[in-house]
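To start, the structure under review is shown below, and the notes come after it.
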Amino acid sequence: MKEKSGGVFEELLETQQIFDDREYLRSSYVPENLPHREEQIDKLARIWVAPLRGETPSNVFIYGKTGTGKTATVKYLMEELEGVASDLSKEIEVSYLNCEVVDTKYRVLATLANNVREELIDGVDVEDLSDFPDEVPMTGWPTDEVYENLVELLDYREQFIIVILDEIDRLVSKGTSDVLYLLSRLNSDLTNAKVGVVGISNDLEFASDLDPRIKSSLGEEEVVFPPYNAPQLEDILEERSEKGFSDGILEDGVIRLCAAHAARKHGDARKALDMLRNAGEIAEEEKSKKVTTSHVTKASKKIERDRMEEAVESLPNQSKLVLMSVLVLQERKSSRVSTGDIYEVYSSLCQQQGWEVLSRRRVSGLISELDMMGVVNARVVSNGRHGRTKEVELKVDPLQVRSAVQDEIYVQDLDSLPVRKQKRLG
DNA sequence: AATCCACAGGAAGCCCGGGAAC
DNA sequence: GTTCCCGGGCTTCCTGTGGATT
């Protein structure tokens, strides 16, 4: 190995360092300073100071779209809270659940119980362990027994527990909102401990189809995180890039461009950061001395491409076949692809694969779905006597479609596919 | 003005797999 | 285990429609 020094690694070391520490440029990183969230932080801090004073904290609903800093703000405040609590030797525990993963009544209660149990084991002498309720298995117990177990664990000592339910709207849409009812009245079953519930939702409307009792009890306080505008995003990016990038590596306008892109996409700070980091990575690959706006443009395209590729790959097989039909038709006779054309090609492709042929109605629906995803562009046009149809146009790179689709589908002999006689138009 | 094409897209109901309740 | 229920994918049937053609 030694004689090879001077090779790859040294070369890499000699080139200009783009990143100082790219961790700061990831959206998962929780910064200690959250620009333009002073109002929300202030409001939440007022709520969560309660347990430090020995009072029960109010339950809170937090609303805001993705990338508006909800989770980061809450995590930051919780760290602070736990820090201050241990200074004052108060028992305050935080239990964080992501409801996208923990998405049933049983799992919420079980995960919560096990979290509480773990904290408890850390907090008290190990010899007491035999008194503890058992660990809840991830399946098997009746739900009410899990609940009793949880209550027992919570009440084991005087303490405050803050339960954070991230992506809480997932619970409601899956119809498991009765667990929220249980949580909302948890305090009435407790004597030593007090629980505060924090619900974080991407969906601003989600509370509207919630049982009014749950709504009023869990939503005692509401905090809204509005989307960032472009200047605010710039501030955030500025702050992160100071730590994340080497000094002076960013060309003027790079941050502004990233912010502008993301501001157009609903003020999503996560997207803005991804774009900035990607731009840096592209600059690094190109061994560039600076990160320029053209790197940002490339990053933006790359992100879009990756998104599309993932979308196409994760499509159900039937949809892939429909997409393939659009591709075939477009290559064959260029543009002006109509639903009827697609259906014919689709059904023969289907037979070729030995698959069931879906109905016209369904295929029409699948085309609409592809349209909504942005994989194709479909618009309804009327050709007078020749009827109304959708004109479909591929919106992604044909090569991408090919590579994504070919894993599952082997298309043989495209020339044998039917082509409808070209009708006269205009 | 009336006709009629080639679909769009809504409504209702079927089927099937999986999870909860019995 | 069985039964029940639910949601999603799908079909069938249907009504609606913009504008070239008659």
Side-chain angles (χ1 to χ4, degrees), chain A residues 99-111 113 136-150 167 169-183 203 206 209-211 311-326 329-330 333 335-351 353-395 408-409 418-426:
Chain A
C99 303
E100 200 172 4
V101 189
V102 186
D103 59 354
T104 64
K105 184 178 172 183
Y106 185 94
R107 279 189 218 153
V108 169
L109 293 176
T111 315
V136 182
M138 279 327 278
T139 174
W141 289 13
T143 316
D144 49 349
E145 207 171 318
V146 182
Y147 181 76
E148 277 163 29
N149 178 290
L150 174 63
E167 320 226 7
D169 35 334
R170 294 304 170 114
L171 288 183
V172 181
S173 61
K174 289 206 173 178
T176 45
S177 56
D178 50 342
V179 68
L180 297 180
Y181 180 69
L182 277 182
L183 290 177
D203 180 4
F206 106 103
D209 35 59
L210 213 54
D211 185 323
V312 171
E313 265 171 30
S314 62
L315 241 33
N317 284 345
Q318 292 284 6
S319 297
K320 283 186 183 171
L321 217 52
V322 172
L323 192 59
M324 199 65 199
S325 311
V326 178
L329 280 163
Q330 211 158 65
K333 52 177 218 174
S335 70
R336 289 205 175 273
V337 180
S338 74
T339 311
D341 296 335
I342 294 172
Y343 190 75
E344 276 185 42
V345 174
Y346 157 80
S347 46
S348 55
L349 273 176
C350 246
Q351 281 157 15
Q353 305 296 316
W355 295 356
E356 216 177 338
V357 183
L358 299 181
S359 67
R360 288 171 182 277
R361 180 69 188 87
R362 181 64 191 138
V363 169
S364 166
L366 289 179
I367 293 171
S368 299
E369 278 173 26
L370 292 174
D371 181 33
M372 293 220 278
M373 288 175 59
V375 182
V376 302
N377 204 349
R379 63 197 179 93
V380 182
V381 291
S382 174
N383 295 321
R385 194 114 208 226
H386 303 293
R388 274 153 63 81
T389 184
K390 268 199 289 221
E391 243 175 45
V392 182
E393 184 191 4
L394 204 61
K395 288 287 279 183
E408 336 262 337
I409 303 160
V419 189
R420 290 158 124 200
K421 44 219 166 297
Q422 185 84 40
K423 51 186 170 265
R424 199 168 49 81
L425 288 168

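Proteins get letters first, then strands, A, B, ... in listed order; numbering begins at 1 in each. All values below come from the heavy atoms of this structure, side chains included, with hydrogens, waters and symmetry mates left out.
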#### Entry: Heavy-atom pair of closest approach, residues A/Gln330 and A/Glu393
NE2-CA, 3.5 Å

### Task
Identify which nucleotide among C/dG19, C/dC10, B/dA8 has an atom closest to any side-chain atom of A/Thr339, counting heavy atoms from C-beta outward.
B/dA8

### Query
Between A/Asn383 (CG) and B/dA8 (C1'), how many Å, whole number?
14 Å

### Message
Expressed as a whole number of angstroms, how long is the span from A/Arg361:CZ to C/dT15:C1'?
### Response
12 Å

### Task
Look at all strands and tell whether A/Val363 reaches a base, only sugar-phosphate, or nothing, counting heavy atoms closer than 4.0 Å.
nothing

### Message
From CD of A/Glu391 over to C1' of B/dA6, roughly how many Å is that when rounded to an integer?
### Response
13 Å

### Message
Pick the closest DNA chain B nucleotide for A/Gly384 and for A/Lys390 by heavy atoms, then say which residue is nearer the 5' end.
### Response
A/Gly384

### Task
Assign each of A/Ser364 and A/Gly387 to its nearest nucleotide of DNA chain B by heavy atoms, then name whichever residue's nucleotide is nearer the 5' end.
A/Gly387

### Query
B/dC5 C1' sits how many Å from A/Arg388 CZ, rounded?
11 Å

### Query
Going by modelled atom types, is there a donor-acceptor pair between the base of C/dG9 and the side chain of A/Arg362 at under 3.5 Å?
no

### Query
Does the base of C/dG18 carry an N or O that pairs as donor and acceptor with the side chain of A/Arg385 under 3.5 Å?
no

#### Entry: Per A/Ser382 side chain, nearest of listed nucleotides C/dC10, C/dT21, C/dG18
C/dG18

### Query
Rounded to the nearest Å, what distance is computed from the CG atom of residue A/Leu366 to the C1' atom of nucleotide C/dT11?
13 Å

### Message
If I take atom CG in residue A/Leu358 and atom C1' in nucleotide C/dG8, what distance separates them, rounded to the nearest angstrom?
### Response
14 Å

### Query
In whole angstroms, how far is the C1' atom of B/dC7 from the CD atom of A/Glu344?
13 Å

### Summary
Here the distance between atom C1' of B/dA6 and atom CZ of A/Arg360, to the nearest Å, is 10 Å

### Query
So which heavy atom on A/Tyr343 is nearest to which on A/Leu358, and how close?
OH-O, 2.7 Å

## Note on the structure
From the list A/Thr339, A/Leu323, A/Val337, side-chain contact (heavy atoms from CB on, under 4.5 Å) with A/Ile367 holds only for A/Thr339

### Non-hydrogen atoms of A/Asp371 and A/Ala378 that approach each other most closely
OD1-N, 3.2 Å

#### Entry: Distance-minimising heavy-atom pair for A/Glu356 and A/Tyr346
O-OH, 4.0 Å

